[in-house]
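Letters A, B, ... are given to chains in the order of the sequence lines, protein chains preceding strands, and every chain is numbered from 1.
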Amino acid sequence: MNEKLLKPYNPQETEDRIYKTWEESGFFKPENLPGERKEPYTIVMPPPNVTGVLHMGHALGTTLQDLLIRFERMRGKRALWIPGTDHAAIATQSKVEKDIQKQESKSRHDLGREELLKRIDIFARESHDTIITQLKKLGASCDWSREAFTLDEARSLAVRTIFKKMYEDGLIYRGHRIVNWDPKGQTTISDDEIVYEERKAMMYTFKYSKDFPIAISTTRPETKVGDTAVAVHPEDERYKQYVGKEYDLEFAGVKLHIKIIADKEVDKDFGTGALGVTPAHSMIDWAIAERHNLPKPQVINEFAKMMVGDERILNKKTTEARVAIVEWLKSENLLTEEKEITQNVSTAERTGGIVEPLPKLQWFIAVNKEFRGTTLKEIMKKAVEGGQINFVPEHFTKTYFHWINNLNDWRQIWYGHRIPVWYRGNEVYCDINPPENGPHSAEASRGAWEQDPDTLDTWFSSGLWTFSTLGWPHSAEASRGTPNDLETYHPTNTLITAYEIIFFWVARMIMMTGYALEQIPFHNVYFTGIVRDAQGRKFSKSLGNGIDPMVIAEKYGADAGRMAIVMSGSAGTDSKLSEDKIKGYKHFANKIWNVTRYILENTKDLETPDMSRLTESHKKLVEDMQAIVKDVTKDIEEFRFYMAGEKLYQYFWYTFADVIIEESKGMLKNGSVEEKISIQNTLRIILETMIKALHPFIPFVTEEIWSMLPHSAEASRGKPKQLLMVESWPQ
RNA sequence: GGGCGGUUAGCUCAGUUGGUAGAGCGCAACAUUGACGUUGUUGAUGCCGGGGGUUCGAAUCCCUCACCGCCCACCA
């Protein structure tokens, strides 16, 4: 017997060595798998951001994906798990900028585009290497030869190809839209970069002029020089008589044309019940203006200075203009009320500047526009409605449908896929490659083509993830009879991802795949919850309550960490994880180890276990065990990983070890020869079956034990013994 | 304001189609030179959030209330 078995199980000594054996076997690559394997099983990894290191959430996702892939590989499928990392555009840029600011007190404008990109690149590469090492540590059986990065050349080509296609289909267009502008940082910022601060502010109630019939309230009188309407609720009796009327007036030296309109968005009980509509500088007013076809003049520029008016306000800061306008209102006797209120002011996370909503030229995707008899929204709806795509848990379909109408804005940042559009005067050129008569051509004298400085939001490229990782668009062209990756492995089977990104990512993958391939990207989506600490708090740096998966793997073994995390929750619900729980599964690994020692010690003369040597009562024991494995199989197929693990754990410890093995002791000592042989065979059959069934959960210790078993069941059928990872799943 | 969850043993959570409530951890007592103390045996603890309904029968289905949490929008 192997000497290692005489000591307690030592994951530190085992896991890295086992992983190396797997990698060297080549079995992570589906082409190398033994036997005839026709049916594919594909998972594409949600690419972790290259902004740092893996956390417990990644460990959960990685474990479940590996569990499924190992399960299906053992079931004889052509199992492919494609790994990758994400450039995480805004998060990465932001992280690097923060670091540089901290260490060198320089902004990105000090560095310039080139230098910043270089720095980001170095950071991203280091972060990438860390992440890959960590994935391996967890036992991830990915095909590393197919690894992808969301910002590499293959993905970039896919992005440009799709962009061009959408542009030509009229699904991508350019238009004005209000963005959150940070005048201090001179940049657009996304919703999650906004910090709300409670501040005291004055709310002013006034009329535009003496002849104007309705008073309005605002905390920002200076924006009122951009007003084009006053909106009231359609059922507001006070104002019904005015709806539809239009007024020309002069407000603090600015000529305004104000139309009275009725709109349901207006709250009758807020202020005077009438809303002065400033289309260009308020999200909601913009929407109202769109509905009522109102002009949307911009009156505040990118430096938060006034663009209109006379010397009292022109080129003044908004705050100064506000004072001037309030003074004017007072002098004209138009101000009826001044009230102090507390309001939430949006500020930029990075610079602390107050966010100024401004209209900007943006690229859009037209989700409701018809093309080839459908719309992008229809594509997203139908795939889930028709049951082609199955959500686990099912209730997320409700959330999905409820939110399908919301698409987020593009973000304009420097780190990402450049928009493949070039401008020359009024000409616009969109293609996969730059225009030939570009900046360096003979035609340059007519003026150079300039590429759009913006980059696409990360979701544009990640939306293509399932098929851009499988070779599209090259494979589509290269396909001449021989099956390629895209044909073989797409649509993928299961996506395992956090529920937080159902809209950011899942919906967009469905949309982009439907658009590009007229396929679904995956059949199943399994949503994981958030992994929290023992007290239910989110893991965070500031709380210092993080459980680092790598520390866990070092301390208790990756197997213990995997098992604990699988057992800590079901689909779509947040789970709580504590070190105690992980410790418990380290004990489990050791229990299996000790059981193996006992069985090998007591079945030394047994070569290959044989079902026909069993007594009737022992046969019954094996059948009971097989029934459990059958249940477990069904549980995994239906994504009840927790239940599957629980059943195996319970059976192994409290039936196999505590009952069957305990009872075997008497038989081995005092039983008849026949009984002895029978129990020996029984022990080995159950052990081997359990080791196989446990492999997807705790791959390292099971593989190690497998290597110590004298003869596998396969060997009895005349086949050479092979790695457990490619053994067949027990029937 | 719109939407989605949750409420089961001290704690964390399971409970697949309605059929006398489960696990882990924790707790208590006992055992033991055993494959394993990273052990075993035994045990205690539940009006399954409140109320109503359907049913022979409800933790499970329906209605309603309460509390907790999350997501999105908005805050003139």
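Among the heavy atoms of the strands, none lies under 4.0 Å from A:Val277. Among the atoms of the strands shown, none is found under 4.0 Å from any heavy atom of A:Ala231. Backbone-only contact: A:Asp658 has heavy atoms under 4.0 Å from sugar-phosphate atoms and none from a base. In this structure, A:Lys665 reaches the bases: a heavy-atom distance under 4.0 Å links it to at least one base atom across the strands shown. Note on A:Arg640: a base of the nucleic acid sits closer than 4.0 angstrom, heavy atoms only. No contact: A:Ile599 has no heavy atom under 4.0 Å from any strand. At a threshold of 4.0 angstrom between heavy atoms, the contacts of A:Tyr654 are confined to the sugar-phosphate backbone, with no base atom among them. Among the atoms of the strands shown, only primed sugar atoms or phosphate atoms (P, OP1, OP2) are found under 4.0 Å from some heavy atom of A:Ile284.
The CD1-P distance, from A:Ile661 to B:G40, rounds to 11 Å in whole Å. Separating the CG atom of A:Asn590 from the P atom of B:C36 is a distance of 11 Å, rounded to the nearest angstrom. Between the P atom of B:U39 and the NZ atom of A:Lys583 lies a distance of 11 Å, rounded to the nearest Å. A:Phe641 has its CZ atom 20 Å from the C1' atom of B:A23, to the nearest Å. The interatomic distance linking A:Met563 (CE) with B:C25 (P) rounds to 13 Å, in whole Å. Counting to the nearest Å, the P atom of B:C4 and the CZ atom of A:Phe527 are 16 Å from each other. Note: NE2 (A:His587) to C1' (B:A35) measures 17 Å, nearest angstrom. Separating the CD atom of A:Glu394 from the P atom of B:U16 is a distance of 15 Å, rounded to the nearest angstrom.
Between the A:His523 side chain and the A:Thr494 main chain, no donor and acceptor come within less than 3.5 Å of each other.
Comparing the same atom, P, in B:A58 and in B:C71 gives a spacing of 38 Å after rounding to whole Å. To the nearest whole angstrom, the two P atoms, one in B:C30 and one in B:G49, are 37 Å apart. Here, B:G57 and B:U45 have their P atoms 28 Å apart, quoted to the whole Å.
Between A:Trp653 and B:A23 there is no side-chain N or O to OP1 or OP2 distance below 4.0 Å. For the OP1/OP2 pair of B:C36 and a distance below 4.0 Å, the side-chain nitrogens and oxygens of A:Tyr9 include no atom meeting the criterion.
With B:A76, B:C74, B:G5 as the choices, the nucleotide that has an atom nearest any side-chain atom of A:Thr218 turns out to be B:A76. Relative to the side chain of A:Lys591, the nucleotides B:G24, B:C75, B:G40 differ in distance, and B:G40 lies closest. Of all nucleotides listed (B:A35, B:G5, B:U16), B:U16 comes nearest to the side chain of A:Met643.
A distance of 6.0 Å or more separates the ring centres of A:Tyr526 and A:Phe391.
A:Ile260 CD1 to A:Glu246 CD: the interatomic distance, rounded to the nearest 0.5 Å, is 9.5 Å.
Below the 3.5 angstrom threshold, one finds a donor paired with an acceptor across the side chain of A:Glu662 and the base of B:A35.
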Identify the pairs formed between an N or O of the protein and an N or O of nucleotides 1-3 of chain B at a distance under 3.5 Å, and give each distance.
{"residue": "B:G2", "atom": "O2'", "partner": "A:His402", "partner atom": "NE2", "Å": "3.2"}
{"residue": "B:G3", "atom": "O4'", "partner": "A:His402", "partner atom": "NE2", "Å": "3.2"}

Please list each protein N or O that sits under 3.5 Å from an N or O in nucleotides 11-13 of chain B, with the distance.
{"residue": "B:C13", "atom": "OP1", "partner": "A:Lys576", "partner atom": "NZ", "Å": "3.1"}

- Task: Begin from the C-alpha positions of A:Asp631 and A:Tyr651 and carry the test side chain to side chain donor-acceptor pair (under 3.5 Å) through to its verdict.
- Result: CA-CA 12 Å; A:Asp631 266 10; A:Tyr651 177 81; over 6 Å; no
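Of the residues near RNA chain B, A:His395 and A:Glu646, the one whose nearest nucleotide (by heavy atom distance) lies more toward the 5' end is A:His395.
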